[in-house]
There are 2 protein chains.
Amino acid sequence: MTQRTDIRRRLEEHGIQASAQRLAIAEYVLATDQHPAADTVLEVVAARLPVVSRATVYNTLHLFVEKGLLRELVLSEGRVVYDPKVEPHHHFVDETSGAIVDVPWEALRVEGVPELPGLDVSEFQVVLRGRRRARRRDG
Amino acid sequence: MTQRTDIRRRLEEHGIQASAQRLAIAEYVLATDQHPAADTVLEVVAARLPVVSRATVYNTLHLFVEKGLLRELVLSEGRVVYDPKVEPHHHFVDETSGAIVDVPWEALRVEGVPELPGLDVSEFQVVLRGRRRARRRDG
DNA sequence: ATCGTTCTTAGACTAAGTCCAATCTTCGGT
DNA sequence: ACCGAAGATTGGACTTAGTCTAAGAACGAT
């Protein structure tokens with residue numbers, strides 16, 4: 001398991017002191033593509049680590065966001081959700097399941113942003129809603 | 001004040017039975033360009049109408065959304081906010097003040113949405129973040 | 001080993017929103 | 001104008017997400 005050491009190194013590179021709790025949280029939240037809410041993180045992490053408090057989960061998630069390891073998304077329905085993919089990309093929200101799907105930046109082209117009068121845009125994304133079509137199961 | 005009757009007609013056209021509370025709420029929330037939260041609506045409306053309960057404000061806002069008079073937006077930080085402009089448009093969030101600014105649909109061009117594999121997109125918008133530039137005061 | 005800093009913890013607290021049973025309004029029919 | 005049914009409103013209890021705090025535990029440099 002160099003996995004664990006990799007994560008430790010990654011935290012330290014971002015100026016975050018490692019701890020059992022932070023490692024456990026990182027191990028889950030930095031690897032998932034599920035866009036979990038804080039609550040989900042707490043559940044998942046609590047299952048592996050003997051004891052971890054809610055306050056720590058919130059503290060840690062906020063710290064990770066501040067240090068650029070995680071991005072906080074608020075896309076629908078009072079759901080604050082965390083995304084380990086920090087590069088710019090778009091999001092699709094499945095209206096049936098609530099699932100959030102990443103849409104690669106290159107998949108869409110947005111024109112006109114620099115020309116908006118009176119607005120200095122520092123970042124943007126397209127938020128799409130709809131249904132995910134049944135997946136052909138071919139991997 | 002034909003204002004009041006106009007609103008009444010508008011509610012009825014959308015299959016909504018009028019009532020003092022609903023009229024008061026509609027009068028504010030359908031005319032504002034402020035993107036108020038439920039809480040704000042409660043405050044504003046409570047100031048004019050002798051008594052209106054929180055439950056009613058929430059019920060009414062949800063009803064208006066369901067009937068297509070209002071759109072619910074969740075753009076940042078656990079803030080659920082209501083927008084009387086139901087036609088498609090984009091949104092800019094001022095990072096300093098939290099203010100939400102409408103961006104006309106025609107101001108941006110988004111290409112590539114129909115080609116997204118596996119996704120049936122029913123609606124989308126661009127969400128932008130940044131600072132509003134100081135407004136030249138020329139009206 | 002010690003000391004100061006940093007992390008974690010439980011639990012109280014807050015804010016946003018929901019739920020519910022009882023009460024009050026409204027509307028259509030007469 | 002009146003009546004009853006259907007629908008709307010109410011306060012208050014409840015839930016859920018998140019914050020705060022004071023006290024204790026672990027860390028790392030000496």
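Residue numbering restarts at 1 for every chain, and letters A, B, ... go by the order of the sequence lines.
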**Request:** For Leu49(A) and for Ala18(B), find the nucleotide of DNA chain C with the closest heavy atom, then tell me which residue's nucleotide is more 5'.
**Result:**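 Closest to the 5' end, via its nearest nucleotide, is Leu49(A).
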**Request:** Please state how far atom CD in Glu43(B) lies from atom P in dG17(C), giving the value in whole angstrom units.
**Result:**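 From Glu43(B) CD to dG17(C) P: 13 Å.
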**Request:** Quick one: pull up CG in Leu69(B) and OH in Tyr82(B) and give me the separation to the nearest 0.5 Å.
**Result:**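 The OH atom of Tyr82(B) is 13.5 Å from CG of Leu69(B), to the nearest 0.5 Å.
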**Message:** Please check this pair: side chain of Arg129(B) against backbone of Gln125(A), looking for a donor-acceptor N/O pair closer than 3.5 Å.
**Reply:** no
**Geometric class of the His91(A)/His35(A) ring pair [parallel <30°, tilted 30-60°, perpendicular >60°]** = perpendicular
Out of [options], which nucleotide sits closest to the side chain of [X]?
| X | options | result |
| --- | --- | --- |
| Thr56(A) | dT26(C), dT9(C), dG17(C) | dT9(C) |
| Ala55(A) | dT8(C), dT21(D), dC7(C) | dT21(D) |
| Asp39(A) | dG18(D), dA17(D), dT6(C) | dA17(D) |
| Val80(B) | dT10(D), dG17(C), dT8(C) | dG17(C) |

**Message:** On DNA chain D, does the nearest nucleotide to Asn59(A) precede the nearest nucleotide to Ala38(A) from the 5' side, or the other way round? Give the residue.
**Reply:**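 Nearest-nucleotide comparison on DNA chain D picks Ala38(A).
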**Message:** On DNA chain D, does the nearest nucleotide to Val51(B) precede the nearest nucleotide to Arg54(A) from the 5' side, or the other way round? Give the residue.
**Reply:** Val51(B)
**Candidate list Asp83(B), Val29(B), Thr60(B), test side chain to side chain contact (heavy atoms under 4.5 Å, CB included), partner Leu70(B), passing option** =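 That would be Val29(B); it is the only one of Asp83(B), Val29(B), Thr60(B) passing the side chain to side chain contact (heavy atoms under 4.5 Å, CB included) with Leu70(B).
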